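This report concerns only the one structure given below.
Basis for what follows: all heavy atoms, side chains included, without hydrogens, waters or symmetry-related copies. Chain letters run A, B, ... following the sequence lines, proteins first, then strands; residues in each count from 1. This structure is a prediction, so every number in the text was calculated from the model and none was measured.
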Amino acid sequence: MAFMRKKNRVSGEIPTSAMADIAFLLLIFFLVTTVFDEEKGLQVVLPEAQSEVEVSQRNVLHLTVRPDGIVEVKRGESPQIQPVQANQIEAIWRSEVANNPNLIAAVKTHPDAAHRHMIAVLDQLQLANADRISLQMVE
Amino acid sequence: MISAGGLKRKSKAASEIPSSSLADMAFLLLIFFMVTTTFRKEQSRNWEPPEAQATKKLDAKRRDILHVYVEQNGNIYINDLLVPPEQVSAVVAPIYEESDRRLVVSLRADRDVPYVHIDGVQKELQEAGAVRVAFYTNLEQRVARAVR
């Protein structure tokens with residue numbers, strides 16, 4: 001008899017008051033742990049196919065990215081080549097574009113150069129608010 | 001007497017928040033988020049994007065962004081499907097049309113990928129007409145810049 005009485009004392013219902021706590025705990029857990037991968041990057045607009053435009057050499061700043069990450073700067077027609085570190089390009093672009101507002105940055109990258117070297121140059125140009133950028137590969 | 005009656009009536013309304021429906025509300029929220037969350041299926045890859053100070057959030061809608069992943073050896077994955085390099089334009093062109101020409105290609109490549117592969121993808125994208133490209137980069141902290 002004593003055994004039976006003890007069993008009856010245990011409630012047969014699911015405690016509904018704790019359900020809310022459980023649900024909110026789950027909700028908060030998912031809210032905190034969910035990470036959305038952000039869509040970010042450096043945006044460029046490629047030229048349309050078959051839209052080669054002849055540009056006067058005077059308006060072109062040649063930036064050749066070597067496989068070792070050094071950038072060779074060549075100003076338009078002048079045959080002079082100036083090797084620089086990528087992080088100097090922002091200043092170079094700013095001073096060049098002040099002289100010639102129609103300047104185009106022609107970034108030519110060596111086929112073996114790492115992606116990050118090209119990105120470093122593109123980054124500098126975008127920091128300097130350059131919008132006329134051409135991306136090519138050294139033939 | 002009248003005031004006492006008013007008091008009695010007032011106390012009839014429960015002043016507590018009904019805690020039994022709280023669970024329903026929470027579950028409803030939970031189910032809502034579970035249903036509306038769409039995960040983009042993407043393989044987990046071990047790659048490091050290049051860093052750039054000019055990194056910006058893309059201003060395109062999520063569904064207008066196409067993921068193109070370029071591997072070290074030149075393998076190209078479009079939304080996680082391996083695509084031969086010369087067929088990239090054929091794959092991208094219909095997607096570009098479908099997006100009402102709003103498509104932005106998120107070009108994802110490890111920082112050490114040789115540029116020849118990137119250039120190949122760019123030419124294919126040009127051929128497909130998808131001219132809006134974003135090179136996926138991580139934001140480089142400007143601390144290093146201030147030191148210089």
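Only the side chain of A:Phe30 comes within less than 4.5 Å of a heavy atom of chain B; its backbone N, CA, C and O stay farther away. Only the side chain of B:Asp119 comes within contact range of chain A, with heavy atoms under 4.5 Å apart. Using a 4.5 Å cut-off between heavy atoms, A:Ile22 makes no contact with chain B at all. A:His117 does not touch chain B: none of its heavy atoms, backbone or side chain, sits under 4.5 Å away. Both the backbone and the side chain of B:Leu30 come within less than 4.5 Å of a heavy atom in chain A. Of the two parts of B:Asp24, neither the backbone nor the side chain holds a non-hydrogen atom closer than 4.5 Å to a non-hydrogen atom of chain A. Within the 4.5 angstrom heavy-atom criterion, atoms from both the backbone and the side chain of B:Thr55 approach chain A. Contacts between A:Met137 and chain B at a heavy-atom distance below 4.5 Å involve backbone atoms as well as side-chain atoms.
The residues A:Glu90 and A:Arg94 are annotated as salt-bridged, a charged nitrogen and a carboxylate oxygen being separated by less than 4.0 angstrom. Using a 4.0 Å cut-off between charged nitrogen and carboxylate oxygen, B:Arg45 and B:Asp80 count as a salt-bridge pair. Salt bridge annotation for A:Arg66-A:Glu72: present, with a cationic side-chain nitrogen under 4.0 angstrom from a carboxylate oxygen. Ion pair A:Lys40/B:Glu51 not flagged as a salt bridge, since none of the NZ, NE, NH1 or NH2 atoms sits closer than 4.0 Å to an Asp/Glu carboxylate oxygen.
The shortest distance between side-chain heavy atoms of B:Ile76 and B:Leu82 does not fall below 4.5 Å. Using a 4.5 Å heavy-atom cutoff, the side chains of B:Arg111 and A:His115 are not in contact. With a 4.5 Å cut-off on side-chain heavy atoms, B:Arg108 and B:Tyr77 do not count as touching. When side chains are defined from C-beta on, A:Leu125 counts as touching A:Leu63, because their heavy atoms get closer than 4.5 Å.
Of the listed residues A:Val45, A:Val138, A:Val44, the one with more heavy-atom pairs under 4.5 angstrom with chain B than any other is A:Val44. Residue with the most contacts toward chain A among B:His117, B:Gln122, B:Met25: B:Gln122 (heavy-atom pairs, distance under 4.5 Å). Ranked by heavy-atom pairs under 4.5 Å with chain B, the list A:Leu135, A:Thr109, A:Asp112 is led by A:Thr109.
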